[in-house]
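The structure appears below as structure tokens.
Computed from a predicted structure; not experimentally measured. Indexing begins at 1, ligand by ligand and atom by atom, following the structure's order.
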Amino acid sequence: MAGKAEVRSSIVSSQYVHAQYGGVVPELAARAHMRLIVPVTRAALDSAQLGWQDISLIAVTYTPGLMGALLVGLPFAKALAFGLGIPFVGVNHLEGHLFALRLEYPDLEPPFLAAILSGGHTELIVVEDWCRYQHLGSTLDDAIGEAFDKVAKLLGLPYPGGAVVESLAHSGTASLGFPVPDPGGLDFSFSGLKTAVLYYLRDNPDAVGADVAASFQSAAVSAVTNRVVQAGKQTGLETVGVSGGVAANGYLRERLADIALQQGFRLLIPRPEYCTDNAAMIAAAGIERFERFGPSSFDLVAAARTPLG
Ligand code: KG4
Ligand code: ZN
């Protein structure tokens, strides 16, 4: 049943407040959450033409993430559930990214291989069953989205940098030969690539920004395609799902599609608005967790880091 979940509304409030600082300022993020959580919830109900009394279950991210943001969202969800006399379910944000795949592909059945590529995580996972995961690899330093954001900053572009680096790369060529990161096994590493960009810009004051963007993007995406192919061979899984904010990148989507065709695996990537953070994916994960494990306890506490379990 959860597989057929229908999205009645999806409201995302992006925080442009961070752009002027070149990165997320935790205190400002927490304050923005506090200010926006009620209006955003109201807007979601209005656009679905539903009232508070129509809600039967609340799903909420309780980990991982910025503590200040979690400390607004989780108590808000608990209070709402308590006030309405309905259950709530705490969801791991990474599990939400996995369920974005099922939102887009309702018939998707585990097992499959999944890559989560976001601003805070770069993870390769086997989804053995919904809610049962095996960790294959992750980044040893920066997340891939973080690398896009840092390279954007080096190029004097605004935060968040992923989409702007992608659009600048359109007018450049990947001619600079930055090294494709390979820390071994099925792990990732992006800080060396970022440093290569830093040194290149330092040593070449007349560098063409578009070529730097294209060369960085090409190396970062190669790191992903290499790992996906390797993990596919290692596990024998023939379906690969990719999600998280960086999976909105058109160049990455094309490269993965080419490789899927070449290697003969089935590639699933949600539409861009389900790749980047959204509440619909948290709801989808919450429905499944509720059906399998029942409601969360009101004792549930927010945690900055919790592995996907
Ligand atoms: O999943 P997400 O929305 O939030 C986290 O859970 O972190 O991912 C945000 C990250 C940011 O680093 C952002 O720069 C990156 O995804 N991103 C992109 C693109 N759109 C968003 N990176 C590359 N190309 C894009 N088009
Ligand atoms: Zn995310």
Side-chain angles (χ1 to χ4, degrees), residues 10-16 18-19 21-24 26 29 33 59-66 69-70 73 91-101 103-104 114-123 125 138-139 141-155 157-170 172 174 188 190-191 193-194 197 213-225 241-256 269-285 304-306 308:
S10 175
I11 308 288
V12 175
S13 170
S14 297
Q15 297 182 4
Y16 296 105
H18 302 299
Y21 298 100
V24 171
H33 269 68
V60 59
T61 302
Y62 77 98
T63 193
L66 284 178
L70 300 172
V91 170
N92 183 310
H93 179 78
L94 295 178
E95 188 165 38
H97 278 302
L98 294 176
F99 274 83
L101 288 159
L103 274 183
E104 193 68 88
I116 301 176
L117 311 173
S118 77
H121 292 85
T122 314
E123 308 278 340
I125 291 164
S138 48
T139 184
D141 39 58
D142 292 350
I144 185 169
E146 193 179 351
F148 269 90
D149 295 336
K150 287 179 175 173
V151 165
K153 198 169 181 178
L154 293 173
L155 289 168
L157 301 170
Y159 177 89
V164 268
V165 167
E166 177 184 2
S167 72
L168 179 62
H170 276 307
F188 297 88
F190 292 99
S191 77
L193 175 57
K194 170 201 66 190
V197 172
S215 302
F216 158 76
Q217 183 175 254
S218 164
V221 168
S222 292
V224 173
T225 53
V242 184
S243 70
V246 181
N249 183 291
Y251 172 78
L252 176 132
R253 297 168 81 98
E254 278 170 28
R255 286 272 304 276
L256 278 168
I269 311 183
R271 71 194 75 173
E273 55 272 36
Y274 286 167
C275 288
T276 46
D277 282 353
N278 65 87
M281 69 186 195
I282 303 299
R305 302 193 77 82
T306 309
L308 197 53

Keeping the roles fixed (side chain from [X], backbone from [Y]), state whether a donor-acceptor pair exists under 3.5 Å.
X      : Y      : value
Glu123 : Leu117 : no
Thr122 : Ile144 : yes
Asn278 : Val12  : no
Arg253 : Ala247 : yes

Inset, instruction - On the 0 to 90° scale, with breaks at 30° and 60°, tag the Phe190-Phe188 ring pair as parallel, tilted or perpendicular. - result: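 Phe190 vs Phe188 ring planes: parallel.
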Legend entry - Residue His97 atom name (nearest to the Zn ion (ligand 2); N/O/S):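 It is NE2 of His97.
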Legend entry - Test of proximity, Gly162 against ligand 1: N or O pairs below 3.5 Å: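 In this structure, Gly162 places an N or O atom under 3.5 Å from an N or O of ligand 1.
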Inset, instruction - Before signing off on this row, confirm whether Pro160 and ligand 1 have an N or O atom pair separated by under 3.5 Å. - result: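 No; every N/O pair is 3.5 Å or more apart.
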[X] to [Y] - nearest heavy-atom pair and separation:
X      : Y      : answer
Leu98  : Ser243 : N-OG, 4.3 Å
Ala214 : Ala174 : O-CB, 3.6 Å
Ala280 : Ser10  : CB-OG, 4.4 Å
Pro270 : Val242 : CD-O, 3.1 Å

Legend entry - At the Zn ion (ligand 2): angle between His93 atom NE2 and Asp277 atom OD1, to 10 degrees: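 Roughly 100°, rounded to 10°.
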Element-labelled atoms of ligand 1 that are located less than 4.0 Å from some non-hydrogen atom of [X]:
X      : result
Gly119 : 5 (C), 7 (O), 8 (O), 9 (C), 10 (C), 12 (O)
Thr276 : 3 (O)
His97  : 1 (O), 6 (O)
Gly120 : 7 (O)
His93  : 6 (O)
Gly145 : 12 (O)

Closest protein heavy atom to [atom], given as residue, atom name and distance to 0.1 Å:
atom                    : result
atom 15 (C) of ligand 1 : Val246 CG2, 3.9 Å
atom 24 (N) of ligand 1 : Asn249 ND2, 3.0 Å
atom 12 (O) of ligand 1 : Asp149 OD2, 2.8 Å
atom 20 (N) of ligand 1 : Gly245 O, 3.5 Å
atom 26 (N) of ligand 1 : Glu166 OE1, 2.8 Å

Legend entry - Heavy-atom check, side chain of His170 versus side chain of Tyr251, under 4.5 Å: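 They are not in side-chain contact.
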Inset, instruction - Using a 4.5 Å cut-off on heavy atoms from C-beta on, say whether the side chain of Leu103 contacts that of Leu101. - result: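 No, every pair of side-chain atoms sits at 4.5 Å or beyond.
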Inset, instruction - Using 2.8 Å as a strict upper limit, say whether an N, O or S atom of His121 approaches the Zn ion (ligand 2) that closely. - result: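 Under 2.8 Å: His121 has no N, O or S contact with the Zn ion (ligand 2).
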Inset, instruction - For atom 4 (O) of ligand 1, state which one of Val164, Asp277, Thr61, Val151 supplies the nearest heavy atom. - result: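 Result: the heavy atom closest to atom 4 (O) of ligand 1 is in Asp277.
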